[in-house]
Amino acid sequence: MSALLPRHRAHDYAALMAGWQSVADKAGLHAVTLGMADHLPILVFESTASAQGQPAVYLSAGVHGDEAAPPWALLEWAQANTSLLRREAFILSPCLNPIGLICNTRVNHRGEDINRRFHITRDPLIKAWQRFLKGRQLSLGLCLHEDYDAQGCYVYELGPERGNLCEPAMTAVEAHLPRDLRRKIEGRTATRGIIRRRAIPADIHGPEAIVLHQFGCPVTLTFETPSEFALDTRVQAQRRFIDASLEHIAGIRA
Ligand SMILES: [Zn+2]
C-alpha cells in the first residue's frame, strides 16, 4: 500500500473485528479461528441455534478486499439484530481476507483470489472452512460482493429451477440503489439484475456460493453492489438485501 494513501476506515480490519467481538458478546455468538493471514486471525462466528444443529443461514463478506461495503454492512446488520442472532441459526463469515481489506486488493496476502479456491482443500484456510462447515446444515447462503464495472445492483441466484426468489429482495434494494439493467453481466444473461444459474458454469471453479451449493445449501445468492457508488449507499443496499432475503426466502423476520 502506498504510504501516500491515507488508510480509510473502511479498510480498518482491527476496527471491524472489534465490532464483531462486541456483537458476539451481546448475541452469544461462538467464535472459531479458521487460520491466520500473516499475524491476523481469520474468524467465523456461529449462533447457539446453529451450534445446536439447526439449519443455519450463512452470511459472508470480505472475500475480496477491494469491496469495502459488504463487511461493514454485515457488521451493521449484526449490530442491529443481536436478538435475532440469539434466537435463530446463523453462521457469519465477516472477512476471510483481512490483508486484502487492509491493502484494498481483491487478492489475499498470497496474491490469490479466494473466491476461486473454495474447492481447494490443500489450502489451509479452505481446509479449515470446509471442516467447520462439514456436517452443518445450511438453509440459505448469502455471499456479499461488489463489482467495479456494475451500473447498479445485481445478484447471482443458485437454487431451485422454478421460482423468482430474488425479485422481492431486489425490489427492496431499489430504495437505496438502482438495479443493473444490462442484459449481459459478466458474460451471463441477466434479467433486471438477476442472473439465474440453473447449472453450475463449467468455466468457473471454486466460488464460495457454488461450493456452498455443492455442500447442500439449497439456495445461495451472490449479491453485488456497484463499487463506484457512494460507500454509505452501498452499505445500506447490502443491509437491505440481507433483511429482505431473510424475510422473503428464509422466512426470518427481525
Ligand atoms: Zn467480490
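Just follow the structure's listing: the first ligand is 1, and inside any ligand the first atom is 1.
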| query | Around the Zn ion (ligand 1), how many protein N, O or S atoms are there at under 2.8 Å? | reply |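 My tally for this metal is 4.
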
| field | Nearest-0.5 Å distance that lies between atom OG1 in Thr225 and atom CZ in Arg240 | value |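 So the gap between those two atoms works out to 15.5 Å.
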
| query | At what distance, to the nearest 0.5 angstrom, does CD of Glu146 lie from CD of Glu228? | reply | 10.0 Å

| Yes or no on side-chain hydrogen bond (donor to acceptor under 3.5 Å, both in side chains) for Thr171 and Arg179, after CA distance, side-chain angles and deciding distance? | CA-CA 9 Å; Thr171 301; Arg179 301 185 197 214; 3.2 Å; yes

| query | How is the hydrophobic cluster of Phe118 composed, in terms of its other members, when Ile, Leu, Val, Met, Phe, Trp and Tyr link through side-chain heavy atoms under 4.5 Å apart, directly or indirectly? | reply |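 Hydrophobic cluster check, Phe118: joined to Val32, Leu34, Ile42, Val44, Tyr58, Val63, Ile91, Leu96, Ile114, Leu125, Ile126, Trp129, Phe132, Leu133, Leu138, Val211, Leu212, Phe215.
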
| task | Mind checking ring-ring contact (aromatic ring centres under 6.0 Å, His included) for Trp77 and listing every partner two or more places apart, or none if nothing turns up? | result | Phe90

| Counterpart residues, ring-ring contact (aromatic ring centres under 6.0 Å, His included), relative to Phe229 (two or more places apart) | none

